Structure formats: C-alpha cells, structure tokens
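Because the structure is a prediction, the values reported are computed rather than measured. Heads up: numbering here begins at 1 and tracks the sequence. Every number for a ligand or one of its atoms is a count from 1 in the order of the listing.
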Amino acid sequence: MSIGFRIDATSKQVRAGRLHTAHGEIETPVFMPVGTAATVKGVSQDILEDLGVQILLGNTYHLYLRPGVETVRRLGGLHGFMAWPRAILTDSGGFQVFSLNELRKVSEEGVTFRSHLDGSSHFFSPESSMAAQIGLGADIIMAFDECTEYPADRARTKASMELTLRWAERSKRYFEEHKGEVPWSFQELVPSTQYPEKSTASAQGIARASDRVLGTGYSAQSLFGIVQGGMDLELRKESALRTVEIGFPGYAIGGLSVGEPRECTREMIEATLEHLPADKPRYVMGVGTPEEIALYAALGVDMMDCVLPTRAARHGLLFTSEGKISIKQARYAQDAGPLDPKCGCRVCQRYSRAYLRHLYASNEVLAQVLNTLHNLSFYLDTMRRVRHSIRLGEVPYSF
Ligand SMILES: [Zn+2]
C-alpha cells in the first residue's frame, strides 16, 4: 500500500486528518518546509524534528544537478542521504525548469534546459522525472507537468493543460512499471525514532519495497497528479476532472503564485477543490503567507509548501502575531523585547529584537539560522492552531 489518508474531523468544507506513509504519519492540514537541496537552509534535521516537522519537500531539479540522483540512490535515497527518518515529498523538477531556465525548449517528448550551475544541457521527460524521483526515494512524488506562465491566453493555456494531461498519463505509466525500485532498506522502514542505517541500502541493493511486509503497512511511494489550467475556471475544472480520471492517490493544484492577484489564486483553488475527490489528499503547491495558508486550509486544502518563511528569514523578514517585521530596521537596535511576545519558539524565548537586529546587521551566520527557526515555527504553529480549531468544530479562518 502506498499511502493512507484518514479524515478525523470536518467542519463544512474544512477537514483535519492524517496521512500515513512508510516514513511516518503526517497530521493535516500540513505546511511542508522546503529543503531544496536536501537541506532546509540553516536548520539541521534534529532541530526540524524538534519543531515537529513531519514532512519535508525536496527539489528534484536541484538534486538531479547536484549531487546527482545516482549518488543519492546509492546512499539509501534522500532519507538515508540526509539522515531524515520522516516523510519527504519531491516535486517533479518541472517548476524549476520553467522558472530558472530562460533557454528551455519544450516539446511533446519533454523539456531541454541548461543547468543554472554550469550551463550544461539536460533533458527532463515524464519518464526521466519519474526515474529521478524514484531514485531519490521520497514518500510522495509528483507527476511531470508544465507550469503555464502568467498571463497566458486561452489557446495557450488549453494547449499547456493538454500537454500536462498527456505527461500525467506517461508519468503514471512509468511509475507503475518502476515503483518497486525505490532505494529504501528494510531497516529504514521499520517504525523507529532512530536515524536510518546509512550502510544498509548499499549492502542490500535496491529494495523491492513491494516484496516487504512492514510494520507501517505503507511500503511504497505514491505518485500525485497535478491540476493545471492557468487562471481559467473552465480549464481548471476540465484539468481536475481529467486528472482524476487518470487516477492518483492524491492531487495537487499547480500553476499558482506565478504573478496573479491573490484573489485570483483563491478563486482558482476554490473552483478546483470542488472537482477533486473529498477522500484524497489535496495539495496546493508553492503558497503562501501565514494568513493565506490558514485561509486555504479553511477552504479544504490538506497540504501546502512555500519557500516564503525560509527565504524571507534570510532577508530579515519575520512573520509575527503582530504582522511582518523587518529586523534590519534601526528602530529595533535598542529593543530588549522578544521578536514575537506570543511566540513560544526557542528564538523568541531566548533572544531580544536588538540582538537579532545586530546579528542581521553584522551579516552573522546565526542571523539566518535564528530567523529561519522563528519563521518556520510561526508557520508550523499557524497550522497547529488551524488543525486544533478544525478538531473543535470551528472554521479556522474568518472570511
Ligand atoms: Zn518565535
């Protein structure tokens, strides 16, 4: 069995539930921190565990270029390589190819692109993206799609949506034929709080996960489909219905946060959710601010990811219960108070705004570490509160 999803509480369209994977349980709605290159920049894995992170996101594009899929696969997949025993999701690489490469060339077969590291030429297809994601070994992997640019006219949006649908079928076909090649070792899959043994994967060769009887009952990767359709409500509906027809254990809404107004993002999410099966996890990719993730959870979204808390932290932008703070401002130079008096994180419990401002102004490495820790805690706490209110039967957002 690849993945389990159980909804324990609902209130109108909102739901709180649990996703079961071979690498543990995830309480939903969940915010997934982004660990682009097998690291959440500035935060070590033991601290991520302490913060209560149950699932991390890795970027196939970056990991494919460096250190390379084969290296990660030989070291036990991402779980073994980065010593992260909990769940992981990888994207297909498609979004980075589209956002980082001006010289990309899209054909029916796939996308030719140049590495942003050294300019070398590479090719991603639905099949090669699946092969890369199977080699990386995340618990949840994503179909290879084309993220439609914004703005785009209807003909272009429709053609792009059709291409994504054909690629979804090819992704599924390749995945079904190769999913047993996931590089997990037996020891890693036994539920445990211990770090996985790094040597077992190479000692045992590629694990045939499907042959295993495991304590968790969830022994394989899951492939999620992605809905596109630009900012066109009819195309979103068509993309959702036809992606569901192909059939996946979970569905993502892609192609958002590409420059459209926020009201439009919300409208697209609401309209798409209507056409996705209620008993499957629903994932909105690449959104948003703390208010937005609470809002989208209230619309019935189960999973979200965003680079915003970690990227903003590195630029000294901090999310607090009193709004956004730019810690570089001189007004904090003498401020002995905590960053956010309502935040229980280890940064707010220990350090003053003045100290955080000093670290940032002095370009100290610790500034990035502490700012990231706070922002991540703030996002994770936001989702914890959202889940709590859903379980109490409340709608966790005032519309
Ligand atoms: Zn804090």
Taking ring-ring contact (aromatic ring centres under 6.0 Å, His included) as the definition, give me every residue that meets it alongside His388, ordered by chain and number, with sequence neighbours left out. none

Decide, yes or no, whether a salt bridge links Lys172 with Glu245 under the criterion of side-chain N to carboxylate O below 4.0 Å. no

Carboxylate-amine/guanidinium proximity below 4.0 Å for Glu234 and Lys237: no

Can you list, by chain and residue number, the protein N, O or S atoms under 2.8 Å from the Zn ion (ligand 1)? Cys343 SG, Cys345 SG, Cys348 SG, His374 ND1

Sequence neighbours excluded, which residues qualify as side chain to side chain donor-acceptor pair (under 3.5 Å) partners of Thr36? Asn59

Under the side chain to side chain donor-acceptor pair (under 3.5 Å) test, which residues partner Thr90, sequence neighbours left out? Gln133

Does Arg236 pair with Glu270 as a salt bridge, N-O distance under 4.0 Å? no

